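Values in this document were obtained by computation on a predicted structure and should not be read as measured data. FYI, side chains are in, hydrogens and waters are out, and symmetry mates aren't considered; it's all heavy atoms of this structure.
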Amino acid sequence: MERVIPLLSNIQRTKHLVWAKRIRSNWGLGAGKYHKSHISKVIGICTVAYAFINNVENGGVALKLDLSRCQSKKVAGRIQKASRRDDDGKLVYDGEVIRRKGDLYLVDCNVTGSSCGTADDPKFALLNYFEDLVFAAVKDLVKVGGQFEGYLPII
């Protein structure tokens, strides 16, 4: 119990302890068990630019270039319908069609250096992100007529 955050109430501590024991005893044991891939994760990426004259210590102007969620397109393998709970509390998929087989939809995914992954297991490639978005934004800032015309980008 000494590992639990001390500001929790006794009821919260008990619930957290039960949950932690269940995770620890089932970690990596296969389908239906708790594993790190069953924990929902959302990753965001933020890029900023800092324009200064001669020296960073002289101060400058900071700009947000982008704030994005790390996601990529995945190909739907089958028709997916909206879900609801029936009178017994069971999950039933009988609502309107959300996506059809072959449709592309955005999913949260792992961040990689340059690999885009596959249609079934997409990845968020930082190389594409920087080439398509960040470098283009910096180029627009320092071009002729841009907000920081004549500045030298240092990446």
Side-chain angles (χ1 to χ4, degrees), residues 1-5 7-9 11-51 61-143 146-148 151-155:
M1 193 87 110
E2 65 264 6
R3 293 184 191 169
V4 178
I5 299 173
L7 299 177
L8 296 176
S9 69
I11 294 170
Q12 289 173 322
R13 286 183 189 167
T14 305
K15 287 181 180 179
H16 280 281
L17 186 61
V18 169
W19 179 81
K21 284 181 178 177
R22 192 173 55 204
I23 291 284
R24 184 179 286 173
S25 62
N26 292 320
W27 191 264
L29 294 180
K33 305 293 183 185
Y34 288 94
H35 187 274
K36 64 181 178 182
S37 63
H38 293 146
I39 300 170
S40 296
K41 18 184 192 302
V42 176
I43 301 173
I45 185 168
C46 179
T47 50
V48 296
Y50 186 69
V61 178
L63 300 159
K64 176 187 69 111
L65 296 179
D66 183 58
L67 176 60
S68 297
R69 189 171 179 166
C70 296
Q71 53 189 2
S72 191
K73 291 184 180 169
K74 188 173 187 175
V75 178
R78 59 185 173 143
I79 290 178
Q80 182 178 358
K81 295 184 177 183
S83 64
R84 66 174 179 84
R85 297 265 179 202
D86 66 5
D87 296 335
D88 298 328
K90 294 181 181 175
L91 202 55
V92 180
Y93 295 91
D94 61 356
E96 65 182 59
V97 174
I98 295 173
R99 62 184 65 94
R100 301 191 182 282
K101 184 176 182 177
D103 287 351
L104 295 177
Y105 64 101
L106 289 172
V107 294
D108 293 325
C109 53
N110 293 329
V111 177
T112 64
S114 60
S115 172
C116 293
T118 63
D120 292 332
D121 187 24
K123 309 285 187 212
F124 183 84
L126 287 173
L127 180 65
N128 294 346
Y129 174 77
F130 276 90
E131 286 177 344
D132 298 341
L133 200 138
V134 177
F135 295 156
V138 171
K139 195 176 196 178
D140 284 344
L141 288 171
V142 298
K143 71 180 181 184
Q147 184 177 357
F148 297 99
Y151 280 61
L152 176 66
I154 302 171
I155 308 259

Validation row: Val111, Tyr129 side chains within 4.5 angstrom (heavy atoms): no

Taken to the nearest 0.5 Å, the spacing of Cys109 SG from Arg69 CZ works out to 10.5 Å

Measuring from Asn110:CG to Thr112:OG1, what's the distance to the nearest 0.5 Å? 8.5 Å

For Tyr93, the ring pair (Phe, Tyr, Trp, His ring centres under 6.0 Å) test, sequence neighbours excluded, returns none

Could you note down all residue pairs passing salt bridge (Lys or Arg N to Asp or Glu O under 4.0 Å) where residues 124-138 supplies at least one of them, sequence neighbours left out? none

Working to the nearest 0.5 angstrom, can you tell me the gap between Phe135 CZ and Leu65 CG? 11.0 Å

How close do Arg100 and Ala76 get, counting heavy atoms only, and between which atoms? O-CB, 3.4 Å

Heavy-atom closest pair, residues Pro122 and Lys73: CB-O, 3.5 Å

So how far is it from Arg78 CZ to Asp103 CG, rounded to the nearest 0.5 Å? 14.0 Å

Validation row: Phe124, Ile43 side chains within 4.5 angstrom (heavy atoms): no

Close side-chain approach of Ile98 to Tyr105, heavy-atom, < 4.5 Å: no

Euclidean distance, Ser72 OG relative to Lys123 NZ, rounded to 0.5 Å: 10.0 Å

So for atom CD1, which belongs to Ile155, do other residues, nucleotides or ligands contribute more than 12 heavy atoms lying within a distance under 6.0 Å? yes

Do Leu104 and Val75 come close enough that some side-chain heavy atom pair is under 4.5 Å? yes

Would you check if Val97 and Lys81 make a side-chain contact, meaning some heavy-atom pair closer than 4.5 Å? yes

In this structure, CG of Leu133 is separated from CG of Asn128 (nearest 0.5 Å) by 11.5 Å

So Gln147 and Leu63, do their side chains get closer than 4.5 Å, heavy atoms only? yes

Verify side-chain contact (heavy atoms from CB on, under 4.5 Å) between Gln71 and Asp108, making sure each step is shown before the conclusion. CA-CA 4 Å; Gln71 53 189 2; Asp108 293 325; 3.8 Å; yes

Residue pairs, two or more places apart or on separate chains, that pass salt bridge (Lys or Arg N to Asp or Glu O under 4.0 Å) and touch residues 84-97: Arg84-Asp94

